[in-house]
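As a basis for the values below, the full set of heavy atoms in this structure was taken, side chains included, without hydrogen atoms, waters or symmetry mates.
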Amino acid sequence: MKYDFDEVIDRKNTQSSKWDNVGVRVGNPDALPMWVADTDFCCPQPVVDAVKKRAEHVIYGYPYVVPEFKQATMGWIKKRHGWAILPEWIVFTTGVVPVFNTMAQAFTEPGDEIIIQRPCYHPFGYAIEDNGRVVSNNSLIYQNGRYTIDFEDLQRRASSPKAKLMFLCSPHNPVGRVWAEDELRTMADICLKHNVIVVSDEIHSDLMLFGSKHIPIAGLDEKYAMNTVTCYAPSKTFNIAGLRASGIVIPNPEIRKGLEAQFKRNRGIQQNIFAVPAYITAYSECEDYLSQLLSYLEGNVRFLDDYLKKNMPKIRLVKPEATYLMWLDCADLGFSGDTLADFFINQSLVGVSRGDGFGPEGASFVRLNVGCPRATLKKGLDQILRQYEKNNK
Ligand SMILES: Cc1ncc(COP(=O)(O)O)c(C=O)c1O
(Lines give C-alpha, C1' and ligand atoms only; values in the text may rest on other atoms or scores of the structure.)
Protein backbone atom coordinates (compact mmCIF):
# COMPACT_ATOMS: atom_id res chain seq x y z
CA MET A 1 0.00 0.00 0.00
CA LYS A 2 1.12 3.56 -0.75
CA TYR A 3 1.27 5.97 2.18
CA ASP A 4 0.89 9.71 1.78
CA PHE A 5 3.24 11.23 4.32
CA ASP A 6 2.54 14.68 2.88
CA GLU A 7 -0.94 14.52 4.37
CA VAL A 8 -1.32 16.98 7.22
CA ILE A 9 -3.41 15.34 9.95
CA ASP A 10 -4.81 17.63 12.62
CA ARG A 11 -3.66 16.17 15.95
CA LYS A 12 -5.07 18.88 18.18
CA ASN A 13 -7.54 17.72 20.83
CA THR A 14 -6.53 14.07 20.44
CA GLN A 15 -4.81 13.78 23.86
CA SER A 16 -1.51 14.18 22.04
CA SER A 17 1.32 15.12 24.36
CA LYS A 18 3.19 16.66 21.45
CA TRP A 19 0.32 18.87 20.29
CA ASP A 20 -1.95 19.37 23.27
CA ASN A 21 0.67 19.63 25.99
CA VAL A 22 3.29 21.69 24.20
CA GLY A 23 2.58 24.64 26.51
CA VAL A 24 3.45 22.64 29.61
CA ARG A 25 6.28 20.59 28.17
CA VAL A 26 7.98 23.10 25.91
CA GLY A 27 6.86 26.31 27.56
CA ASN A 28 4.71 27.94 24.89
CA PRO A 29 1.23 26.72 23.89
CA ASP A 30 1.48 28.59 20.58
CA ALA A 31 4.68 26.89 19.44
CA LEU A 32 4.53 24.51 16.46
CA PRO A 33 5.31 21.17 18.13
CA MET A 34 8.56 19.67 16.83
CA TRP A 35 9.79 18.15 20.07
CA VAL A 36 8.81 14.75 21.55
CA ALA A 37 9.75 11.67 19.52
CA ASP A 38 6.55 10.71 17.80
CA THR A 39 5.68 11.53 14.22
CA ASP A 40 2.74 13.34 12.65
CA PHE A 41 2.26 10.49 10.16
CA CYS A 42 -0.60 8.02 10.11
CA CYS A 43 0.21 4.56 11.50
CA PRO A 44 0.41 1.63 9.07
CA GLN A 45 -3.05 0.63 7.89
CA PRO A 46 -2.73 -3.01 9.08
CA VAL A 47 -2.02 -1.70 12.61
CA VAL A 48 -5.05 0.60 12.48
CA ASP A 49 -7.14 -2.35 11.29
CA ALA A 50 -5.85 -4.60 14.09
CA VAL A 51 -6.69 -1.99 16.74
CA LYS A 52 -10.14 -1.39 15.25
CA LYS A 53 -10.83 -5.08 15.07
CA ARG A 54 -10.01 -5.49 18.74
CA ALA A 55 -11.98 -2.36 19.63
CA GLU A 56 -15.02 -3.76 17.87
CA HIS A 57 -15.06 -6.70 20.23
CA VAL A 58 -17.14 -5.18 22.98
CA ILE A 59 -15.27 -6.46 26.03
CA TYR A 60 -11.98 -4.93 27.18
CA GLY A 61 -11.03 -7.21 30.06
CA TYR A 62 -7.51 -8.16 31.22
CA PRO A 63 -5.31 -9.21 28.33
CA TYR A 64 -2.30 -11.55 28.31
CA VAL A 65 0.76 -11.55 26.09
CA VAL A 66 0.05 -14.17 23.43
CA PRO A 67 2.99 -16.33 22.24
CA GLU A 68 2.82 -14.77 18.76
CA PHE A 69 4.44 -11.72 20.39
CA LYS A 70 7.73 -13.62 20.59
CA GLN A 71 7.53 -14.95 17.04
CA ALA A 72 6.90 -11.46 15.71
CA THR A 73 9.88 -10.08 17.66
CA MET A 74 12.21 -12.85 16.52
CA GLY A 75 11.12 -12.46 12.90
CA TRP A 76 11.65 -8.70 12.87
CA ILE A 77 15.05 -8.68 14.62
CA LYS A 78 16.38 -11.39 12.33
CA LYS A 79 15.05 -9.79 9.16
CA ARG A 80 15.99 -6.19 9.90
CA HIS A 81 19.12 -6.62 12.00
CA GLY A 82 20.40 -10.10 11.21
CA TRP A 83 20.36 -11.26 14.83
CA ALA A 84 18.84 -14.68 15.55
CA ILE A 85 17.30 -14.63 19.00
CA LEU A 86 15.54 -17.32 21.01
CA PRO A 87 11.98 -17.00 22.32
CA GLU A 88 12.99 -17.49 25.95
CA TRP A 89 15.24 -14.43 25.79
CA ILE A 90 12.33 -12.07 25.09
CA VAL A 91 10.46 -10.17 27.78
CA PHE A 92 7.41 -8.01 27.13
CA THR A 93 7.39 -4.60 28.83
CA THR A 94 5.11 -1.60 28.55
CA GLY A 95 7.87 0.61 27.19
CA VAL A 96 11.62 0.91 27.10
CA VAL A 97 12.04 3.61 29.74
CA PRO A 98 10.68 1.38 32.55
CA VAL A 99 13.52 -1.04 31.79
CA PHE A 100 16.11 1.59 32.70
CA ASN A 101 14.53 2.33 36.05
CA THR A 102 13.96 -1.34 36.79
CA MET A 103 17.50 -2.37 35.80
CA ALA A 104 18.87 0.33 38.08
CA GLN A 105 16.78 -1.00 40.96
CA ALA A 106 17.58 -4.65 40.28
CA PHE A 107 21.31 -4.49 39.60
CA THR A 108 22.66 -1.52 41.55
CA GLU A 109 22.58 -0.13 45.08
CA PRO A 110 21.99 3.50 46.03
CA GLY A 111 25.24 5.36 45.40
CA ASP A 112 26.36 3.04 42.59
CA GLU A 113 27.35 4.54 39.27
CA ILE A 114 25.65 4.08 35.92
CA ILE A 115 27.46 5.19 32.78
CA ILE A 116 25.73 7.27 30.12
CA GLN A 117 27.04 9.30 27.19
CA ARG A 118 25.77 12.86 27.18
CA PRO A 119 24.33 14.67 25.42
CA CYS A 120 21.82 11.83 25.59
CA TYR A 121 18.15 11.00 25.96
CA HIS A 122 17.24 12.63 29.28
CA PRO A 123 15.24 9.75 30.91
CA PHE A 124 18.54 7.85 31.22
CA GLY A 125 19.65 10.41 33.77
CA TYR A 126 16.22 10.50 35.46
CA ALA A 127 16.22 6.70 35.87
CA ILE A 128 19.56 6.97 37.62
CA GLU A 129 18.97 9.99 39.82
CA ASP A 130 15.34 9.25 40.71
CA ASN A 131 16.61 5.97 42.18
CA GLY A 132 19.43 7.55 44.17
CA ARG A 133 22.14 6.22 41.85
CA VAL A 134 24.94 8.32 40.40
CA VAL A 135 25.39 9.42 36.79
CA SER A 136 28.83 8.62 35.45
CA ASN A 137 28.96 10.70 32.31
CA ASN A 138 31.23 9.51 29.53
CA SER A 139 30.68 12.69 27.48
CA LEU A 140 30.80 12.20 23.75
CA ILE A 141 33.53 14.01 21.83
CA TYR A 142 32.28 16.58 19.32
CA GLN A 143 34.80 17.42 16.65
CA ASN A 144 34.43 18.67 13.08
CA GLY A 145 30.66 18.27 13.28
CA ARG A 146 30.78 14.62 14.31
CA TYR A 147 30.40 12.76 17.59
CA THR A 148 32.71 9.98 18.72
CA ILE A 149 33.37 8.10 21.96
CA ASP A 150 36.06 8.93 24.50
CA PHE A 151 37.20 5.35 25.13
CA GLU A 152 39.93 6.28 27.60
CA ASP A 153 37.38 8.03 29.77
CA LEU A 154 34.96 5.11 29.38
CA GLN A 155 37.68 2.70 30.47
CA ARG A 156 38.33 4.81 33.56
CA ARG A 157 34.65 5.09 34.44
CA ALA A 158 33.94 1.38 33.91
CA SER A 159 36.87 0.45 36.14
CA SER A 160 35.31 2.24 39.13
CA PRO A 161 34.16 -0.42 41.60
CA LYS A 162 30.86 1.43 41.89
CA ALA A 163 30.11 1.28 38.14
CA LYS A 164 27.52 -1.47 37.55
CA LEU A 165 25.57 -0.58 34.41
CA MET A 166 25.97 1.31 31.18
CA PHE A 167 22.93 2.79 29.42
CA LEU A 168 23.88 2.82 25.74
CA CYS A 169 21.80 4.64 23.16
CA SER A 170 22.24 2.82 19.85
CA PRO A 171 21.59 4.57 17.53
CA HIS A 172 22.16 7.65 19.59
CA ASN A 173 19.41 10.13 20.41
CA PRO A 174 19.94 13.07 19.96
CA VAL A 175 23.28 13.12 18.11
CA GLY A 176 22.14 10.72 15.38
CA ARG A 177 25.19 8.45 15.37
CA VAL A 178 24.91 4.81 14.29
CA TRP A 179 27.72 3.14 16.18
CA ALA A 180 30.20 1.24 14.01
CA GLU A 181 31.25 -2.32 14.75
CA ASP A 182 34.65 -1.36 16.14
CA GLU A 183 33.06 1.22 18.45
CA LEU A 184 30.52 -1.31 19.68
CA ARG A 185 33.17 -3.99 20.23
CA THR A 186 35.39 -1.61 22.17
CA MET A 187 32.49 -0.55 24.42
CA ALA A 188 31.37 -4.15 24.90
CA ASP A 189 34.91 -5.29 25.77
CA ILE A 190 35.43 -2.50 28.28
CA CYS A 191 32.10 -3.26 29.98
CA LEU A 192 32.73 -7.01 30.01
CA LYS A 193 36.19 -6.57 31.49
CA HIS A 194 34.80 -4.52 34.37
CA ASN A 195 31.55 -6.42 34.96
CA VAL A 196 29.41 -3.53 33.82
CA ILE A 197 26.12 -4.77 32.32
CA VAL A 198 25.17 -3.01 29.08
CA VAL A 199 21.56 -1.89 28.64
CA SER A 200 21.40 -1.13 24.94
CA ASP A 201 18.46 1.05 23.92
CA GLU A 202 17.89 0.18 20.25
CA ILE A 203 14.41 1.70 20.01
CA HIS A 204 15.44 3.84 17.00
CA SER A 205 17.33 1.05 15.23
CA ASP A 206 14.84 0.65 12.39
CA LEU A 207 15.21 4.30 11.43
CA MET A 208 18.44 4.02 9.46
CA LEU A 209 19.14 6.86 7.05
CA PHE A 210 21.25 7.10 3.90
CA GLY A 211 22.46 3.50 3.88
CA SER A 212 23.57 3.29 7.53
CA LYS A 213 23.46 -0.19 9.04
CA HIS A 214 22.43 -0.87 12.61
CA ILE A 215 24.43 -3.52 14.45
CA PRO A 216 22.94 -4.99 17.64
CA ILE A 217 25.80 -4.91 20.14
CA ALA A 218 24.70 -8.20 21.66
CA GLY A 219 24.66 -9.89 18.24
CA LEU A 220 28.41 -9.38 17.78
CA ASP A 221 29.50 -12.15 20.13
CA GLU A 222 27.92 -14.56 22.56
CA LYS A 223 30.02 -13.16 25.38
CA TYR A 224 28.56 -9.71 24.73
CA ALA A 225 25.06 -11.15 24.49
CA MET A 226 25.46 -12.63 27.96
CA ASN A 227 26.29 -9.17 29.31
CA THR A 228 23.60 -7.17 27.52
CA VAL A 229 19.94 -6.22 27.82
CA THR A 230 18.69 -4.99 24.43
CA CYS A 231 15.55 -2.89 24.17
CA TYR A 232 13.43 -2.94 21.03
CA ALA A 233 9.99 -1.54 20.25
CA PRO A 234 7.85 -0.84 17.20
CA SER A 235 6.78 2.45 18.79
CA LYS A 236 9.09 4.89 16.96
CA THR A 237 9.13 2.98 13.69
CA PHE A 238 5.36 2.72 13.31
CA ASN A 239 4.26 5.68 15.45
CA ILE A 240 2.49 3.64 18.12
CA ALA A 241 4.23 4.95 21.27
CA GLY A 242 0.82 5.57 22.88
CA LEU A 243 0.04 1.86 22.88
CA ARG A 244 2.97 0.96 25.18
CA ALA A 245 4.59 -2.24 23.96
CA SER A 246 8.24 -3.24 23.73
CA GLY A 247 10.31 -6.39 23.42
CA ILE A 248 13.39 -6.71 25.62
CA VAL A 249 16.00 -9.29 24.63
CA ILE A 250 18.01 -10.79 27.49
CA PRO A 251 20.01 -13.93 26.65
CA ASN A 252 21.55 -14.21 30.14
CA PRO A 253 19.03 -16.05 32.38
CA GLU A 254 20.40 -14.50 35.58
CA ILE A 255 19.95 -10.98 34.27
CA ARG A 256 16.54 -11.85 32.83
CA LYS A 257 15.33 -13.31 36.10
CA GLY A 258 16.69 -10.35 38.03
CA LEU A 259 14.84 -7.88 35.84
CA GLU A 260 11.61 -9.87 35.88
CA ALA A 261 11.74 -10.22 39.66
CA GLN A 262 12.13 -6.46 40.07
CA PHE A 263 9.22 -5.79 37.70
CA LYS A 264 7.20 -8.23 39.82
CA ARG A 265 8.20 -6.50 43.06
CA ASN A 266 7.07 -3.20 41.53
CA ARG A 267 3.89 -4.79 40.24
CA GLY A 268 4.77 -3.26 36.86
CA ILE A 269 1.94 -1.99 34.71
CA GLN A 270 0.30 -4.61 32.51
CA GLN A 271 -0.27 -3.98 28.85
CA ASN A 272 -3.50 -2.56 27.48
CA ILE A 273 -5.69 -4.70 25.26
CA PHE A 274 -4.57 -3.00 22.03
CA ALA A 275 -0.82 -3.14 22.63
CA VAL A 276 -0.01 -6.69 21.64
CA PRO A 277 -2.22 -6.95 18.52
CA ALA A 278 -0.68 -3.70 17.28
CA TYR A 279 2.86 -4.86 18.12
CA ILE A 280 2.45 -8.19 16.33
CA THR A 281 0.88 -6.61 13.27
CA ALA A 282 3.54 -3.90 13.05
CA TYR A 283 6.41 -6.37 13.18
CA SER A 284 4.74 -8.93 10.90
CA GLU A 285 2.95 -6.96 8.18
CA CYS A 286 4.33 -3.45 7.87
CA GLU A 287 7.78 -3.51 6.27
CA ASP A 288 6.45 -1.64 3.25
CA TYR A 289 5.46 1.24 5.55
CA LEU A 290 8.99 1.45 6.90
CA SER A 291 10.65 1.60 3.51
CA GLN A 292 8.35 4.42 2.41
CA LEU A 293 8.83 6.21 5.72
CA LEU A 294 12.61 6.07 5.44
CA SER A 295 12.66 7.55 1.98
CA TYR A 296 10.28 10.33 3.08
CA LEU A 297 12.42 11.08 6.13
CA GLU A 298 15.55 11.22 4.00
CA GLY A 299 13.72 13.76 1.83
CA ASN A 300 12.94 15.83 4.93
CA VAL A 301 16.55 15.68 6.10
CA ARG A 302 17.79 16.84 2.70
CA PHE A 303 15.17 19.59 2.67
CA LEU A 304 16.26 20.75 6.13
CA ASP A 305 19.96 20.64 5.29
CA ASP A 306 19.49 22.57 2.04
CA TYR A 307 17.24 25.11 3.73
CA LEU A 308 19.73 25.78 6.51
CA LYS A 309 22.73 25.99 4.20
CA LYS A 310 20.93 28.36 1.86
CA ASN A 311 19.12 30.58 4.37
CA MET A 312 20.52 30.13 7.88
CA PRO A 313 24.16 29.07 7.67
CA LYS A 314 24.71 29.87 11.34
CA ILE A 315 22.53 26.86 12.20
CA ARG A 316 24.25 23.65 11.19
CA LEU A 317 22.74 20.20 10.94
CA VAL A 318 24.86 17.52 12.60
CA LYS A 319 24.81 14.86 9.90
CA PRO A 320 22.19 12.32 10.98
CA GLU A 321 22.85 8.65 10.37
CA ALA A 322 19.53 7.60 11.94
CA THR A 323 16.24 8.78 13.51
CA TYR A 324 13.95 11.69 12.68
CA LEU A 325 15.43 13.73 15.52
CA MET A 326 17.77 16.33 14.08
CA TRP A 327 20.54 17.83 16.20
CA LEU A 328 21.18 21.43 15.24
CA ASP A 329 24.44 23.12 16.17
CA CYS A 330 23.55 26.75 16.88
CA ALA A 331 26.90 27.87 18.34
CA ASP A 332 27.38 30.42 15.55
CA LEU A 333 24.15 32.17 16.50
CA GLY A 334 26.06 33.36 19.54
CA PHE A 335 23.60 32.40 22.24
CA SER A 336 22.81 29.27 24.20
CA GLY A 337 20.66 27.86 27.03
CA ASP A 338 17.68 30.09 27.90
CA THR A 339 18.34 32.65 25.17
CA LEU A 340 18.64 29.97 22.50
CA ALA A 341 15.42 28.34 23.73
CA ASP A 342 13.73 31.74 23.71
CA PHE A 343 14.83 32.34 20.11
CA PHE A 344 13.22 29.10 18.91
CA ILE A 345 10.29 28.61 21.24
CA ASN A 346 9.05 32.14 22.00
CA GLN A 347 10.32 34.26 19.13
CA SER A 348 10.08 31.75 16.26
CA LEU A 349 7.18 29.84 17.84
CA VAL A 350 8.76 26.50 17.01
CA GLY A 351 8.56 23.93 19.81
CA VAL A 352 11.99 22.30 19.64
CA SER A 353 13.59 20.28 22.43
CA ARG A 354 16.20 22.34 24.27
CA GLY A 355 19.68 20.97 23.75
CA ASP A 356 20.67 21.47 27.38
CA GLY A 357 17.88 19.07 28.34
CA PHE A 358 20.21 16.31 27.11
CA GLY A 359 23.07 17.52 29.30
CA PRO A 360 25.16 20.69 29.52
CA GLU A 361 27.06 19.55 26.40
CA GLY A 362 23.91 20.42 24.45
CA ALA A 363 23.63 24.06 25.58
CA SER A 364 24.20 25.53 22.13
CA PHE A 365 22.10 22.93 20.31
CA VAL A 366 18.43 22.21 19.81
CA ARG A 367 16.71 19.00 18.71
CA LEU A 368 14.22 19.31 15.90
CA ASN A 369 11.78 16.50 15.08
CA VAL A 370 11.36 16.17 11.30
CA GLY A 371 8.87 13.30 11.55
CA CYS A 372 6.20 15.46 9.97
CA PRO A 373 4.81 16.38 6.55
CA ARG A 374 7.26 18.50 4.56
CA ALA A 375 4.77 21.37 4.62
CA THR A 376 4.92 21.38 8.44
CA LEU A 377 8.70 21.29 8.36
CA LYS A 378 8.77 24.18 5.91
CA LYS A 379 6.34 26.15 8.07
CA GLY A 380 8.59 25.70 11.11
CA LEU A 381 11.71 26.64 9.16
CA ASP A 382 10.04 29.72 7.66
CA GLN A 383 9.11 30.84 11.18
CA ILE A 384 12.69 30.38 12.37
CA LEU A 385 14.01 32.20 9.30
CA ARG A 386 11.94 35.29 10.06
CA GLN A 387 13.59 35.63 13.46
CA TYR A 388 16.99 34.67 12.12
CA GLU A 389 16.83 37.50 9.60
CA LYS A 390 15.85 39.97 12.32
CA ASN A 391 18.84 38.90 14.37
CA ASN A 392 21.27 38.86 11.47
CA LYS A 393 20.51 42.07 9.62
C1 LIG B 1 16.29 6.62 23.00
C2 LIG B 1 14.88 6.47 23.46
N3 LIG B 1 14.56 5.48 24.29
C4 LIG B 1 13.30 5.30 24.74
C5 LIG B 1 12.29 6.15 24.35
C6 LIG B 1 10.88 5.98 24.85
O7 LIG B 1 10.63 4.69 25.18
P8 LIG B 1 9.19 4.20 25.66
O9 LIG B 1 8.16 5.14 25.13
O10 LIG B 1 9.10 2.83 25.09
O11 LIG B 1 9.25 4.16 27.16
C12 LIG B 1 12.58 7.21 23.48
C13 LIG B 1 11.52 8.15 23.09
O14 LIG B 1 11.78 9.24 22.71
C15 LIG B 1 13.91 7.36 23.03
O16 LIG B 1 14.23 8.34 22.19
Side-chain angles (χ1 to χ4, degrees), residues 14-18 36-39 41-57 60-81 83 85-103 121 123 127 169 173 199-207 214 216 229-250 256 259-260 262-264 266-287 289-290 293 323-324 371:
T14 63
Q15 305 176 53
S16 156
S17 177
K18 187 181 189 179
V36 70
D38 67 26
T39 74
F41 305 131
C42 61
C43 300
Q45 191 58 43
V47 170
V48 175
D49 292 342
V51 170
K52 276 189 185 162
K53 184 167 169 225
R54 187 60 192 82
E56 276 161 13
H57 185 274
Y60 308 141
Y62 293 118
Y64 91 112
V65 179
V66 295
E68 289 82 358
F69 155 77
K70 294 194 175 188
Q71 299 306 323
T73 310
M74 289 160 66
W76 186 259
I77 304 305
K78 179 80 180 78
K79 196 161 37 170
R80 299 299 303 188
H81 307 307
W83 185 26
I85 57 176
L86 297 178
E88 58 267 30
W89 297 352
I90 308 168
V91 176
F92 176 91
T93 62
T94 53
V96 164
V97 169
V99 176
F100 288 93
N101 293 59
T102 313
M103 281 298 292
Y121 181 56
C169 201
N173 168 15
V199 184
S200 184
D201 180 345
E202 303 187 10
I203 195 168
H204 292 283
S205 58
D206 297 323
L207 300 170
H214 172 72
V229 171
T230 309
C231 307
Y232 292 107
S235 47
K236 304 290 161 195
T237 317
F238 300 106
N239 209 20
I240 55 173
L243 291 174
R244 313 308 299 153
S246 35
I248 314 303
V249 183
I250 316 175
R256 197 167 60 242
L259 180 71
E260 285 179 322
Q262 186 62 34
F263 266 117
K264 188 162 168 254
N266 291 345
R267 281 277 165 258
I269 317 159
Q270 289 189 342
Q271 79 279 11
N272 67 75
I273 195 92
F274 305 108
V276 174
Y279 180 109
I280 293 170
T281 306
Y283 273 169
S284 313
E285 297 175 33
C286 301
E287 245 187 326
Y289 176 94
L290 177 56
L293 174 71
T323 84
Y324 46 75

* To do: Check the pair R80 / E287 against side chain to side chain contact (heavy atoms under 4.5 Å, CB included), numbers first and verdict last.
  => CA-CA 9 Å; R80 299 299 303 188; E287 245 187 326; 2.9 Å; yes
* Hey, are the side chains of T94 and Q270 touching, using non-hydrogen atoms and a 4.5 Å cut-off? -> no
* Quick one: are P87 and M74 in side-chain contact, heavy atoms under 4.5 Å? -> yes
* Check T102 against Q262 and note the closest heavy-atom contact, atom names and distance. => CG2-CG, 3.4 Å
* Do N239 side-chain atoms and C43 backbone N/O form a donor-acceptor pair below 3.5 Å? -> no
* Is there side-chain contact between P63 and N272, with heavy atoms separated by less than 4.5 Å? -> no
* Asked: What's the shortest heavy-atom distance between M103 and L259, and which atoms?
  -> SD-CD1, 3.5 Å
* Is the backbone of F274 close enough, under 3.5 Å, to the side chain of R54 for a donor and an acceptor to pair up by distance? -> no
* With D49 via side-chain hydrogen bond (donor to acceptor under 3.5 Å, both in side chains) - residues at least two apart -> Q45
* Which pair of heavy atoms, one from Y283 and one from T73, lies closest together, and at what distance? -> CD1-CA, 4.1 Å
* Asked: Below 4.5 Å, heavy atoms only, C-beta onward: do V99 and D201 meet side chain to side chain?
  -> no
* **Pair F238 + W76: ring centers closer than 6.0 Å** => yes
* Asked: Who pairs with S200 by side-chain hydrogen bond (donor to acceptor under 3.5 Å, both in side chains), at least two apart in sequence or on another chain?
  -> E202
* To do: Work out which heavy atom in K18 is nearest to a heavy atom in D38; give both atom names and the distance.
  => NZ-O, 2.9 Å
* Can I250 and W89 be said to form a side chain to side chain contact (heavy atoms under 4.5 Å, CB included), step by step? -> CA-CA 5 Å; I250 316 175; W89 297 352; 5.6 Å; no
* Asked: Hey, does L207 have a side-chain heavy atom less than 4.5 Å from the side chain of L293?
  -> yes
* More than 12 heavy atoms of other groups within 6.0 Å of K79 NZ -> yes
* Pairing residues for H81 by the side-chain hydrogen bond (donor to acceptor under 3.5 Å, both in side chains) criterion, not counting sequence neighbours -> S205, D206
* E88: salt bridge (charged side-chain N to carboxylate O under 4.0 Å, His left out) partners, not counting sequence neighbours -> none
* Asked: Can you name the nearest heavy-atom pair linking V91 to E260, along with the distance?
  -> CG2-OE2, 3.6 Å
* Of the non-hydrogen atoms in G95 and R244, which two are nearest, and what is the gap between them? -> CA-NH2, 3.6 Å
* Asked: Do the side chain of T281 and the main chain of V47 share a donor and acceptor less than 3.5 angstrom apart?
  -> no
* To do: State, yes or no, whether a side-chain contact exists between Y232 and I248 at a heavy-atom distance under 4.5 Å.
  => no
* Asked: Within a strict 4.5 Å, meaning less than it, do heavy atoms of the V199 and C231 side chains meet?
  -> yes
* Asked: Is there a side-chain contact between Y64 and F69 (heavy atoms, below 4.5 Å)?
  -> no
* Asked: Taking only residues two or more places apart in sequence or in another chain, which ones pass side-chain hydrogen bond (donor to acceptor under 3.5 Å, both in side chains) with N101?
  -> none
* Please confirm whether the backbone N or O of T93 pairs with a side-chain atom of S246, one donor and one acceptor, at under 3.5 Å? => yes
* Asked: Got a donor-acceptor contact below 3.5 angstrom from the K236 side chain to the H204 backbone?
  -> no
* A245: side chain to side chain contact (heavy atoms under 4.5 Å, CB included) partners, not counting sequence neighbours -> F92, A275, Y279
